[in-house]
Q: 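Dropping a structure here in structure tokens format, bear with me for questions.
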Amino acid sequence: MNTTQTPATGSPAATLQDIIAHAKEYGFVFPSSEIYDGLQAVYDYGQNGVELKNNLKTLWWKAMTQLHDNRDGGPVVGIDASIFMHPLTWKASGHVDSFNDPMIDNRDSKKRYRADQLLELKAEAYANAGDEAKSTALLQEMGRLLGDNDLEGVRNLIIAEGIKDPVSGTDNWTEVRQFNLMFSTQVGSLAEDASLIYLRPETAQGIFVNFLNVQKTGRMKIPFGIAQIGKAFRNEIVARQFTFRMREFEQMEMQFFVRPGTEMKWYETWRDTRMKFHQAIGLPAEKLKFHIHEKLAHYANAAVDIEYKFPFGFREMEGIHSRTDFDLKAHQELSRKKQQYFDNDIDPATGKPFGNYVPYVVETSVGADRLFLAVFCNAFTKEVVGEGDQQKERTYLKLHPALAPIKAAIFPLVRKDGLPEKAEEIMKSLRFEFRVIMEERDAIGKRYTRQDLIGTPFCIAVDYQTLEDDTVTVRYRDTTEQIRIPISELKAHIGQEVSMERLLEKM
RNA sequence: GCGGAAGUAGCUCAAUUGGUAGAGCGAUAGCCUUCCAAGCUAUAGGUUGCGGGUUCGAGACCCGUCUUCCGCUCCA
């Protein structure tokens, strides 16, 4: 896997290591707090990475909100909910109860067990042997220890009870660990008054708890959607593969509220809409596929992933879930606030309005960091160019111009005779429209290459002819070919290609 | 979590048996220059991931630790 192969295209295959090295070397992704040896599974975006990521987020936002209005099946509006939420939120969502298990490993068998289940089995054995008192006492002791979060006590109890691993037959246990999905912190400036809250493990709940706020204040009619981009936090058991699985990550989620019974139609619609998005931004169809979930989460009645072929294989990039009315119903029960919608549309079956109901929800959830990684991997290109002795390797980022961090670089051919001044004039006229930079140092070939490495789609060269007739050459990144056009046409010419509109039109 | 590999300048990598840490590229400043990383000059940049040990002496050997990659495992 880590050997460099030469596929039929003549380009050496890019490995994840090449991509990680490139991402760091050219200011896209840095390991977090690297000067302190980094922090596992946490990364920072650099000066170019943040531009690319922002472009992806903007594009998603526009694709969701601008392209879906009330004339188009169902509008989508956005919100920005806070990361802190009332602790009961996570009780309602199921995150507190489902992901708080005390785990213990046996060092000899390498098997992992739930510590509470081991003790329950032992208690059951006592009960079966007729010693009800001992069984009850054990369960009570376990309950007390778990209640106090005394994990060492739980381990001691397991050993004291002589519980052995059924596989290895030994009691060579590791310490008991709580595999908390969620990060917790305290709210309250005084320690004794502080209460425990969580950093959200998904952005979806911020949408659910605001469902009625948006519906009422926006006079929204079902079906409609609420979109949100925001950070979420999860303690991953195994954090691996660069930015693919991070502890702090950014989600781009949209919850689409529908009339019960219509959810499968909308599920299919959104599944196809989202696939089109990924293809429109330049991810090739052969590197994308659907993966249907066989095992469904506690809240879903249908689920499919859109997977991208990363250098380490096909992996989930986006999930489309039919979440039923699970979340709104759970919030309704726990908060005792109705999460219902009165549907005035006439039901053709009865001739009466559909009436009150808790809406069903179709969710699309894509990881901004995973989308970034997919786009970055796909753009990373190594090509052998030239012939014979002139042959050399060329590396560049084949990013769609609308996604590139910098849209155009302006180079005076030489640093004299007024060319730098002319170049600066052009730069200043273009920078109101898009991100441009000017470079005058070093040989022009080197300047072209530097821009190739960060994916700048256009390089504008100012030469002596420019001084005579106000034309410049525009060099295309992917082909290195050049055309000569008047300065007055630059804005329109480049603007056309770097515009997000061209991408949105394809969706 | 288990097993394997690695960590030396911004990057890629050297450094014989344990004996003064180097090169290329890149970067920066200046000069030169009419188009694809290739001219000239100068400069900066390293307690060899971190901590301990062995030794007269450790980049190298030993222990621990952190980080990364690969394979398995896990992932509502």
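Below, chain A is the first sequence line, B the second, and so on; all start at residue 1.
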Q: When you compare B/U43 with B/A5, how far apart are their P atoms, in angstrom units rounded to a whole number?
A: 43 Å
Q: The side chain of A/Ala21 is closest to which nucleotide in this list: B/C70, B/U68, B/U12?
A: B/U12
Q: At under 4.0 Å, does any side-chain N or O of A/Arg450 touch on OP1 or OP2 of B/G26?
A: no
Q: Heavy atoms only, 4.0 Å cut-off, all strands: where does A/Gln482 land among base, sugar-phosphate and nothing?
A: base
Q: Starting at the 5' end of RNA chain B, which residue's closest nucleotide do you reach first, A/Thr473 or A/Leu16?
A: A/Thr473
Q: Between A/Lys53 (side chain) and A/Asp369 (backbone), is there a donor-acceptor pair under 3.5 Å?
A: no
Q: Between B/C35, B/A76, B/U33, which nucleotide has the shortest distance from any of its atoms to the side chain of A/Arg484?
A: B/C35
Q: B/C35, B/A37, B/G10: which one has an atom nearest the side-chain heavy atoms of A/Lys24?
A: B/G10
Q: The side chain of A/Glu25 lies closest to which of these nucleotides: B/C69, B/C11, B/A76?
A: B/C11
Q: Counting only side-chain N and O atoms of A/Lys446, is one of them less than 4.0 Å from OP1 or OP2 of B/C36?
A: no
Q: Is B/G71 paired to anything, Watson-Crick or G-U wobble with both distances less than 3.5 Å, and if yes, which nucleotide?
A: B/C2
Q: According to a strict under-4.0 Å criterion, is A/Arg441 in side-chain N/O contact with OP1 or OP2 of B/A29?
A: yes
Q: For A/Tyr396 and A/Phe380, what are the C-alpha separation, side-chain angles and deciding distance, and is it a ring-ring contact (aromatic ring centres under 6.0 Å, His included)?
A: CA-CA 6 Å; A/Tyr396 64 105; A/Phe380 185 79; 9.4 Å; no
Q: Under 3.5 Å for both donor-acceptor distances, Watson-Crick or wobble: does B/A29 have a partner, and if so which one?
A: B/U41
Q: What distance, rounded to whole Å, do you find between the two C1' atoms, one in B/C40 and one in B/U17?
A: 43 Å
Q: Run the side chain to side chain contact (heavy atoms under 4.5 Å, CB included) check on A/Phe310 and A/Phe244 step by step: do they pass?
A: CA-CA 10 Å; A/Phe310 289 96; A/Phe244 183 79; 3.7 Å; yes
Q: Work out how far the P atom of B/U20 is from that of B/C11, and round it to whole angstrom.
A: 25 Å
Q: Could you work out which one of B/U68, B/A76, B/C31 sits closest to the side chain of A/Tyr43?
A: B/U68
Q: Counting only side-chain N and O atoms of A/Lys416, is one of them less than 4.0 Å from OP1 or OP2 of B/U33?
A: yes
Q: Output the rounded distance in Å from CZ (A/Arg447) to C1' (B/U34).
A: 12 Å
Q: Between B/C70 and B/U12, how far apart are the two P atoms, rounded to whole Å?
A: 16 Å
Q: Would you mind telling me which of B/A38, B/A76, B/C36 lies closest to the side-chain atoms of A/Ala443?
A: B/A38
Q: Expressed in angstrom and rounded to an integer, what is the separation of A/His291 atom NE2 from B/C75 atom C1'?
A: 13 Å
Q: Are the side chains of A/Glu481 and A/Arg475 in contact, using a 4.5 Å heavy-atom criterion?
A: no
Q: Among A/Lys57, A/Lys231, A/Arg200, whose salt bridge (Lys or Arg N to Asp or Glu O under 4.0 Å) with A/Glu250 holds?
A: A/Lys57
Q: What is the pairing partner of B/G64, taking Watson-Crick or G-U wobble pairs with both distances under 3.5 Å in any strand?
A: B/C50
Q: Rounded to the nearest angstrom, tell me the gap between atom CZ in A/Phe312 and atom C1' in B/C70.
A: 13 Å
Q: Please determine, for the side chain of A/Arg245, which listed nucleotide (B/U34, B/C75, B/C69) has the closest atom?
A: B/C75
Q: Could you work out the separation of B/A6 and B/G49 based on their P atoms and round it to a whole Å?
A: 13 Å
Q: Between A/Glu34 and A/Ala461, which has a closest nucleotide on RNA chain B that is more 5'?
A: A/Glu34
Q: Between A/Phe372 and A/Tyr45, what is the ring plane arrangement, given parallel below 30°, perpendicular above 60°, and tilted in between?
A: perpendicular
Q: Under 3.5 Å for both donor-acceptor distances, Watson-Crick or wobble: does B/C36 have a partner, and if so which one?
A: none
Q: For the side chain of A/Arg415, starting at C-beta, report the closest nucleotide among B/A76, B/U33, B/C69.
A: B/U33
Q: Nearest to the A/Tyr448 side chain among B/U34, B/C35, B/C70, which nucleotide is it?
A: B/C35
Q: Could you give the distance separating B/G51 and B/G10 at their C1' atoms, to the nearest angstrom?
A: 26 Å
Q: Taking pairing as Watson-Crick or G-U wobble with both contacts under 3.5 Å, can you name the mate of B/C56, or confirm there isn't one?
A: B/G19
Q: Distance between the P atoms of B/C35 and B/G39, in whole angstroms?
A: 15 Å
Q: Could you give the distance separating B/C62 and B/G18 at their C1' atoms, to the nearest angstrom?
A: 14 Å
Q: With sugar-phosphate meaning primed atoms plus P, OP1 and OP2, does A/Phe411 contact a base, only sugar-phosphate, or nothing at under 4.0 Å between heavy atoms?
A: nothing
Q: Just compare B/C69, B/C35, B/A76 and give me whichever is closest to any side-chain atom of A/Asp463.
A: B/C35
Q: Kindly compute the distance separating OH (A/Tyr198) from CE (A/Met182), expressed to the nearest 0.5 Å.
A: 5.0 Å
